[in-house]
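Below you'll find the structure, written out as C-alpha cells, and then a few comments.
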There are 2 protein chains.
Amino acid sequence: MKTTIDDVAALAGVSIKTVSRVMNNEPAVRATTRDKVMKAVEELNYRPNAAARSFASKHSFTIAVLYDNPNAYYVTDIQRGLLNCLRRQNYELIIHPVSASENYDDIISSLKLGARVAGVVLTSPFSEDQTLLDRLTQEDIAYVKIISSALPDDIDEHAVYVDDAAGSEQISRHLVQLGHRNIAAVMGTESHFSSIQRLEGFKRVMKQNDIEVPETSIIASEYTFDAGQEAGIKLLSRASRPSAILAGNDELAAGVLSAARQLDLKCPDDVVIAGFENSPFSRQSWPQLTTVHQNNIYIAELAALRLLAKVSGKGDTSEPLSYTPRLIVRESTVGKV
Amino acid sequence: MKTTIDDVAALAGVSIKTVSRVMNNEPAVRATTRDKVMKAVEELNYRPNAAARSFASKHSFTIAVLYDNPNAYYVTDIQRGLLNCLRRQNYELIIHPVSASENYDDIISSLKLGARVAGVVLTSPFSEDQTLLDRLTQEDIAYVKIISSALPDDIDEHAVYVDDAAGSEQISRHLVQLGHRNIAAVMGTESHFSSIQRLEGFKRVMKQNDIEVPETSIIASEYTFDAGQEAGIKLLSRASRPSAILAGNDELAAGVLSAARQLDLKCPDDVVIAGFENSPFSRQSWPQLTTVHQNNIYIAELAALRLLAKVSGKGDTSEPLSYTPRLIVRESTVGKV
DNA sequence: AAAATAAATGACAGCGCTGTCAGTTTCCGT
DNA sequence: ACGGAAACTGACAGCGCTGTCATTTATTTT
C-alpha cells in the first residue's frame with residue numbers, strides 16, 4: 001500500500017496543505033509544525049507522487065539536453081556538468097541525441113510528450129539553428145543554448161558563449177612563436193559554428209604575422225580520427241610539407257599523428273601537431289598533444305544554472321555567460337619537457 | 001491557450017474517452033472515428049499533457065539508467081543502445097550517474113521523486129549489489145541488470161549476461177598460441193564483477209597450458225590510463241620482463257603501451273600488449289590494440305527490450321539474454337598485417 | 001488590554017487525463 | 001427478420017497533489 005499525503009496529514013495532525021508546504025520547503029510553516037510533519041513523513045516513509053505533483057503544479061522537474069555529437073567525451077562532460085547543477089535542485093536530466101534525419105516536429109513532440117520538460121539545453125548544431133529556436137519559443141519551451149562565439153554586443157540571455165576563436169588564436173600564435181611559417185589546418189566541417197570560429201582565429205593570426213596560407217593547406221572534414229588520418233596523409237606527403245599542423249579537435253589531431261607515423265615522420269621533430277579540446281586522449285596519445293583546454297563540464301554548469309534561473313523565475317538572468325578556452329602546451333609542439 | 005482533450009472531443013464530435021482511446025492506440029475504435037479524431041488533433045495541434053496522463057494512468061514513460069563508470073565510451077554506448085529501443089516505444093531516458101558516496105535511500109528517492117520511473121537499467125557495479133536489488137524489489141521498481149557472468153543454470157529474467165570470462169579466455173589463448181609463456185595481467189579492481197571474470201578466464205587458460213603465473217605478474221588497479229601506465233612501468237622494468245601483457249580494458253592497455261614507450265620497448269617486438277572492450281581508442285592507439293569486442297550498444301538494446309517487456313506486461317520475458325564477446329586481433333600482438 | 005498587523009494553517013476546488021462499467025450500435029447466424 | 005454476441009462509444013468518478021483564499025492564531029503597537 002502506498003502512502004499518500006493524506007496519511008501523513010492524519011498522522012501529523014495537520015492538513016494536507018501543510019504537509020504539501022513542508023514537502024516543498026515553503027516558508028510559512030512554524031518550525032515545530034515542520035518537525036511534526038517530517039517525523040510523520042519518515043515514519044511512513046512517504047514520498048510524494050511526482051506525477052501528481054507536476055500535474056497539479058503544472059511544473060516539471062525534468063530538463064532535456066539535445067545533441068548530435070559523436071564525441072563521447074564531449075557528451076559525457078556536458079551531461080556531468082548539467083547534472084552537477086540539476087541534482088542540487090532535484091531536477092532530472094533526460095537525454096536526447098538527435099540524428100540528422102529528425103525533423104523539428106519530431107523533436108518538439110517528444111519534448112512535450114515524453115516528459116513535458118521544464119526546459120532544454122541545446123548544444124551545437126541545434127544551438128545555431130534559428131528555425132528550431134523559433135519553434136521552441138513558439139511552443140513556449142524554455143531553452144539555453146551553448147554557442148560558439150565571442151561575447152557579442154547584443155547579449156542573448158539564453159546563451160552561453162564559448163569563444164573558440166580566441167582559443168584558436170592562442171594556439172596559432174604558439175605555433176608562430178615556435179618559428180613555424182608553413183602551417184596547415186585540418187578543421188571540422190562548417191556545419192558547426194565552432195569549426196568556423198576556430199578557422200577564423202587561425203586565419204586571423206596568420207594574417208597578423210604576414211603568413212600566407214594557401215587554400216590547399218586548409219582541409220575541412222568530419223571531427224573523426226579517420227578523417228584526420230586521411231587529411232594528414234594528404235598534407236604530409238606534399239612536396240612543400242607543412243612544418244606544423246593545427247587540428248580542429250584532438251581526435252583529428254590523433255589521426256594526423258597516426259598519419260605522420262605511417263609516413264615515418266617524427267613528431268615534433270619533423271612535424272609539429274596541435275589539437276583542440278583537451279579531451280583525455282590528447283594526454284594519452286604519444287607524444288602528448290598541445291591543445292586548447294575547453295572545460296565542458298563548467299560550460300554545462302553555466303547552462304544549467306541559467307536554465308534553472310529562467311524556469312524557476314528566480315535568480316539573475318541578465319549577466320552574460322561566457323567562457324574562453326586556454327592553451328595547454330605539451331610535447332607534440334615543443335618536445336620532451 | 002493550450003488545447004485540451006475536451007477541445008478535441010468537441011471538434012471531432014465524440015467523447016473525451018474516445019479521443020483518449022485514439023491517442024493511446026487502443027483497439028476498440030472504428031477506423032472512421034479514429035480518422036475524425038486524428039483530423040481534429042492535427043487541426044488543433046493537440047498534444048496530450050504528459051503529466052496528467054501518467055498521473056491518471058499511474059504509468060510512467062520514463063526509464064532511468066544507473067551507472068558509476070568513468071569510461072565515456074561505455075557510457076555513451078549504453079545510452080545509445082537503450083535509446084535505440086526506447087525511442088521506438090516513446091519512452092524517455094533519464095540518466096543517473098551515481099557517485100560512490102551516495103547511499104541507497106538517495107538513489108531510490110531520486111528515482112521515485114524526480115520522474116517516478118517505470119523502471120531502471122542497472123550497470124555494474126549496481127547490477128551486482130544484492131542489497132540495492134532487494135530495495136528496488138521492495139519499492140516495487142522494475143529493473144534489468146547488465147551483469148558479468150556466463151549463462152547460469154538458474155536464469156534470472158531480470159538479467160542480461162555478458163560472458164567476460166569467455167572473452168578473456170579467447171584473448172589469453174591467443175597470447176599462448178603466439179608462443180608466450182611469461183604473461184602478465186593488469187586487471188581492474190574487484191569492485192566490478194567483470195574484473196574478476198576477466199581474471200578468472202585468464203587464469204583458467206594459463207592453467208590449461210601449464211603456465212605458472214606468479215602473484216607479482218597480476219596487478220589490480222583502476223580502469224584508467226594512468227593506472228595502466230604505472231602498472232606497465234612496474235612490470236616492464238622487472239628483471240624477468242613479461243613478453244606479453246593482458247590488460248583489463250583498452251584504457252589500461254593504452255597506459256601499458258605508453259609505459260613501454262617510456263622504457264624504449266617496442267610493441268609488439270619487445271612486448272605484446274592486449275586490451276579489452278574494443279573501444280575506439282584501441283584502434284587509435286599505436287600500434288592498434290588486439291582486444292576483445294564487446295558490443296555495448298547491442299547489450300543495452302537487449303536490456304531495454306527486456307525492461308519494456310516487463311513494465312508493459314507484454315512480450316516474452318522467459319528467454320535468457322546473453323552476450324559473448326569475441327577476439328579482435330590487431331597489430332599490438334601480431335605486428336604489421 | 002484592546003486593536004491592528006503579521007504569521008500560520010486549513011477548506012476546497014480542480015488540474016487533464018484514464019479506468020470502470022454501462023449503454024448503444026453493428027454484425028452475424030439462423 | 002430476429003435474437004444474441006461482439007464491437008464500439010460515452011458518463012462519470014477520481015487519481016494525489018497544489019493554488020487560492022478564507023480563517024485562525026501569534027505578535028506587535030498604541
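Chain letters run A, B, ... following the sequence lines, proteins first and then strands; every chain starts at 1. Because the structure is predicted, anything quoted here is derived from the model rather than measured.
Partners of A:T317 under the side chain to side chain donor-acceptor pair (under 3.5 Å) rule, at least two apart in sequence or in another chain, are A:E157. Residues satisfying the side chain to side chain donor-acceptor pair (under 3.5 Å) test with A:D163, not counting sequence neighbours, are none. Applying the ring-ring contact (aromatic ring centres under 6.0 Å, His included) rule to A:H192 yields no partners; only residues at least two apart in sequence or on another chain are considered. B:R135 meets the salt bridge (Lys or Arg N to Asp or Glu O under 4.0 Å) test with B:D105, B:E139; sequence neighbours excluded.
A:D35 contributes no side-chain N or O that, together with a main-chain N or O of A:T32, makes up a donor-acceptor pair within less than 3.5 Å. At distances below 3.5 Å, not a single donor-acceptor pair connects side-chain atoms of B:Y74 with backbone N or O atoms of B:N296. In this structure, the side chain of A:Y91 does not engage the main chain of A:I63 through any donor-acceptor pair within 3.5 Å.
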Query - Which nucleotides of DNA chain D pair, in dot-bracket form (Watson-Crick or G-U under 3.5 Å, | meaning another strand) - result: ||||||||||||||||||||||||||||||
Requested in this report: Report, as a single string ordered 5' to 3', how protein heavy atoms within less than 4.0 Å touch nucleotides 15-28 of chain D: B base, S sugar-phosphate only, - not at all.
Outcome: BBBBBB-----S--
